[in-house]
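Numbering of ligands and ligand atoms starts at 1, following listing order.
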Amino acid sequence: MNKKTTACPLDCYDACEIVHDGKILGAKNGHTKGFLCPHLNHYEKHEEIKEPRYKGKTISMEQALARLVETLRESGAEKTLFYRGSGNFGLMQEVSDHFFASFGATLTNGSLCDGAGAAGIIQGRGSNKNMPLSEIEKSEVVILWGRNPHVTNSHLLPLLKDKTLIVIDPRKIESARNAALHIQLKPHGDLYLALLLCRFLHIENEYDEEYLQEYASEYEELYELTQTVRIKATLEDIDVTLGQIGMLLELVKGKKTAIVCGVGIQKYSDGADIMRAIDAFAVMLGLFGKEGCGVAYLGESKEGIESPFKRQAKRVSKVNTDFSAFSSVFIQGANPLSQMPDTQRVIKSMESVANVIYFGLYENETSQRADLVIPAKNFLAKEDIRTSYAHNAMLFMPQILESEYGISEYELSRYLCKAFEIEIQSEEYYLSHFKNFAVQRIDGSWQVESREEIPYQNGFDTDDGEFCFLEEYDNDFDMNKKMFLLTPKSPKSLNSQFYREKYVYLHKEAGFLENQEVQISSEQGKIVLKVKIDATIRKDCVLLYSGTPGVNMLTSSRHSLDGKNAIYQENKVEVKAI
Ligand SMILES: Nc1nc2c(c(=O)[nH]1)N[C@H]1C(S)=C(S)[C@@H](COP(=O)(O)OP(=O)(O)OC[C@H]3O[C@@H](n4cnc5c(=O)[nH]c(N)nc54)[C@H](O)[C@@H]3O)O[C@H]1N2
Ligand SMILES: Nc1nc2c(c(=O)[nH]1)N[C@H]1C(S)=C(S)[C@@H](COP(=O)(O)OP(=O)(O)OC[C@H]3O[C@@H](n4cnc5c(=O)[nH]c(N)nc54)[C@H](O)[C@@H]3O)O[C@H]1N2
Ligand code: SF4
Ligand SMILES: [Mo]
């Protein structure tokens, strides 16, 4: 078989380049450096749905598509919801938005992922431009602030070699082992930590005054705000010492520093403020617009690319969607019955929907509930292009294999457009549209043209070009005796895809035994799971990986105050033996 190159389609910072010669292998060149993660190393072992079915009975693809058209005709656009998740990050996934928006159906907005942090970034900087992996490579000090690269971003690891590492995470993640400093703070303590870091920078006159005068002249107001944080009491509340603050400031002094943030820090109601406070610390250090410096977050994967699809539509939030308001709900690339918050509510809300249609690769809670199941083609069997939320490459994903089952998003959308007399361009047209947003570099790779390697070199994108500091914050650190719920990502699964976890992870001093069955409960609901003892987590934390069946029985479908994001970690929980 000929060698062909493509890219991993999954929702992951790395967006790896793949060489396929009958086997899936990591490309040797570029950031992929010849290795892939377990999800792709074992990709072809995961059994895909091969046959469409309606009300439990196998049907042909022709019958499924005819059934779908009939269903949409019966419901009408008003009563149709299109709910798309992040199972595949190819740009062509949005072609279904084009059909449903043109049809007049309702689409979604809001975020289960990074929306609160993104909102905080935009409030401060006026835009959300990310620090790419290639710049992190040039830094001397890297602060992993709620990012776990061994699990979620393994292609960052080779770039971290020989750098001074600081880890701020309630868990002793793998990177904490060789970090110069690990601040194992209480979950949700980050806003206070960031404000205290700003305050001490000011007290010790270690801030970048020249930079601040030019690009963030209201820094004295920020200092006043930080003075409202009571030092001793707050440090106790968040379980951080003055020594740790001093050491962090010493380690970053005069060094090219990258603050690399993940999504765990912002899955709270004040997630936007948390991210904005971390940004403020970076501004105080003068880290923006300089080589090897800045703040990396989960950026916008479609930054610099205009969509060729019609996307204006009525929208409802994907955090607390009222499915019962619709008679047809078409779900693509998502498993809302596991991954949306407050599963109890989702089950109820979906109960009365006459037609739940699931368009995906794998069996899961949502495919089990669906009336009509339509198998998708996987990324090897369809044409696509992807970009990343952590680097600036554009990667082409030509079809590599023929597949006898499933249908691509483009083919499905074309079929629906034809049935409803909606205009749609050819697949080649869309692919070349996307390609127009990239330029080829000397090494042959393609890069999204308008993305900057070092954003904010001439100030920020706010009205006056200056950083806009946080002006107030919510001062109610949750002191109640219940335990913090952490729901980070698992090395075995990608959210609910692949090998899903089934345990609750607790510190040995939490008072339970390995394999003991316990009940975990929150205001929202409860679940029973077996215990795994885990020395990497704090005594006051209960860890359930994202994708664990039942995890979202415990979470609430409230939104973050800004950014319309889910707040998976806001609820505190209790554990008891059963
Ligand atoms: N293997 C694997 N890779 C994935 C995914 C997956 O499911 N599995 N999912 C993908 C997706 S959808 C995303 S969004 C990214 C997310 O990528 P990351 O942001 O790296 O993922 P998380 O594991 O959610 O969170 C990272 C760290 O934040 C810590 N954390 C949790 N709460 C807090 C807090 O309050 N404060 C601080 N300082 N730290 C906290 C957790 O302990 C964890 O170590 O990963 C992507 N990559
Ligand atoms: N408690 C808790 N819940 C969470 C999180 C958390 O941290 N804690 N994390 C949240 C985050 S960050 C995210 S991003 C969401 C993710 O939530 P979802 O978007 O629901 O993601 P997955 O669970 O990965 O399910 C993706 C589905 O896409 C399908 N799929 C894969 N490839 C294709 C394809 O090419 N075409 C089609 N049509 N389908 C495909 C697969 O069958 C799979 O079932 O979960 C959120 N849920
Ligand atoms: S590290 Fe991420 S992009 Fe690379 S193969 Fe794994 S899931 Fe795909
Ligand atoms: Mo995510």
To which of [options] does the heavy atom nearest [atom] belong?
| atom | options | value |
| --- | --- | --- |
| atom 5 (C) of ligand 1 | K267, Q569, K489, R171 | K489 |
| atom 28 (O) of ligand 1 | G146, C541, C37 | G146 |
| atom 38 (N) of ligand 1 | L112, V151, N495, D190 | D190 |
| atom 34 (C) of ligand 2 | K382, E48, H46, K318 | K382 |
| atom 30 (N) of ligand 1 | S175, P187, P170, S546 | P170 |
| atom 45 (O) of ligand 1 | T152, I183, L144 | T152 |

Could you list the atoms of ligand 1 found under 4.0 angstrom from a heavy atom of [X]?
| X | answer |
| --- | --- |
| L185 | 38 (N) |
| W145 | 38 (N) |
| L486 | 31 (C), 32 (N) |
| I265 | 36 (N), 37 (C), 38 (N), 39 (N) |
| L298 | 14 (S) |
| Y268 | 32 (N), 34 (C), 35 (O) |
| S493 | 1 (N), 2 (C), 6 (C), 7 (O), 8 (N) |
| G262 | 19 (O) |

Indicate yes or no: at least one non-hydrogen side-chain atom of V575 is less than 4.5 angstrom from one of V504.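 The answer is no; the side chains never approach within 4.5 Å.
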Give me the residue, atom name and distance of the protein heavy atom closest to [atom].
| atom | value |
| --- | --- |
| atom 46 (C) of ligand 1 | D11 O, 3.5 Å |
| atom 47 (N) of ligand 2 | Q339 O, 2.9 Å |
| atom 1 (N) of ligand 1 | S490 O, 2.9 Å |
| atom 19 (O) of ligand 1 | V263 N, 2.8 Å |
| atom 32 (N) of ligand 2 | L361 CD1, 3.4 Å |
| atom 15 (C) of ligand 1 | Y13 CE1, 3.8 Å |
| atom 22 (P) of ligand 2 | S496 OG, 3.7 Å |
| atom 42 (O) of ligand 1 | D169 OD1, 2.7 Å |
| atom 29 (C) of ligand 2 | G333 CA, 3.7 Å |
| atom 44 (O) of ligand 2 | N364 ND2, 2.9 Å |
| atom 8 (N) of ligand 2 | T487 OG1, 2.7 Å |
| atom 20 (O) of ligand 2 | N335 N, 2.8 Å |
| atom 36 (N) of ligand 2 | E409 OE2, 2.8 Å |

So which bit of A376 gets within less than 4.0 Å of ligand 2, heavy atoms only: side chain, backbone, both or neither?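 Side chain only.
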M553 contact mode with ligand 2 (heavy-atom cut-off under 4.0 Å):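 For M553, no heavy atom sits under 4.0 Å from ligand 2.
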Under a 3.5 Å threshold, yes or no: a donor from one side chain and an acceptor from the other, between [X] and [Y]?
| X | Y | value |
| --- | --- | --- |
| D270 | H188 | yes |
| E363 | Q368 | yes |
| S490 | E501 | yes |

Can R147 be said to sit on top of Y13's aromatic six-ring, NZ or CZ under 6.0 Å from centre and within 45° of the ring axis?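 Yes, a cation-pi geometry holds between R147 and Y13.
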Establish, for the pair K492 and Y499, whether the NZ or CZ atom is under 6.0 angstrom from the six-membered ring centre and no further than 45 degrees off its axis. no
Pull out every atom of ligand 2 sitting under 4.0 Å from any heavy atom of N552, numbered as shown with elements. 1 (N), 2 (C), 3 (N)
Run the numbers for me: atoms of ligand 2, each under 4.0 Å from some heavy atom of N88, listed by number.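 So the atoms of ligand 2 that pass are 32 (N), 33 (C), 34 (C), 35 (O).
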Is there a side-chain contact (heavy atoms from CB on, under 4.5 Å) between E300 and N130? Walk through the geometry before answering. CA-CA 8 Å; E300 166 53 62; N130 210 9; over 6 Å; no
Is the shortest distance from a Lys or Arg side-chain nitrogen in D97 or R84 to a carboxylate oxygen in the other one below 4.0 Å?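 Answer for the salt bridge query: yes.
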Does Y505 form a ring-ring contact (aromatic ring centres under 6.0 Å, His included) with Y545? I'd like the steps, not just the answer. CA-CA 9 Å; Y505 292 78; Y545 286 104; 5.2 Å; yes
Would you please name every residue forming a side chain to side chain donor-acceptor pair (under 3.5 Å) with K564, sequence neighbours left out?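 Only N109 meet the side chain to side chain donor-acceptor pair (under 3.5 Å) criterion with K564.
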Once you measure the plane-to-plane angle for [X] and [Y], does it fall in the parallel (<30°), tilted (30-60°) or perpendicular (>60°) bin?
| X | Y | value |
| --- | --- | --- |
| Y473 | Y192 | perpendicular |
| F323 | Y83 | tilted |
| Y43 | F379 | perpendicular |

Counting both backbone and side chain atoms, is some N or O of I173 under 3.5 Å from an N or O of ligand 1? no
Report yes or no: does [X] have a heavy atom closer than 4.0 Å to ligand 2?
| X | result |
| --- | --- |
| N378 | no |
| L494 | yes |
| Y358 | yes |
| Y568 | yes |
| M340 | no |

When the aromatic ring centroids of F309 and Y430 are compared, is their separation below 6.0 Å? yes
Is the contact between H39 and ligand 1 made by the side chain, the backbone, both, or neither, using heavy atoms and a 4.0 Å cut-off?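 Under 4.0 Å from ligand 1, H39 contributes side-chain atoms alone.
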Under 3.5 Å between some N or O of ligand 2 and some N or O of C113?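 Checking ligand 2 against C113, no N or O pair falls under 3.5 Å apart.
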Would Q332 count as being in polar contact with ligand 2, using the rule that some N or O on each side must be under 3.5 angstrom apart?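 In fact, backbone or side chain, Q332 has no N or O that close.
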Is there a donor-acceptor pair closer than 3.5 Å between any side-chain N or O of S408 and the backbone N or O of E411? yes
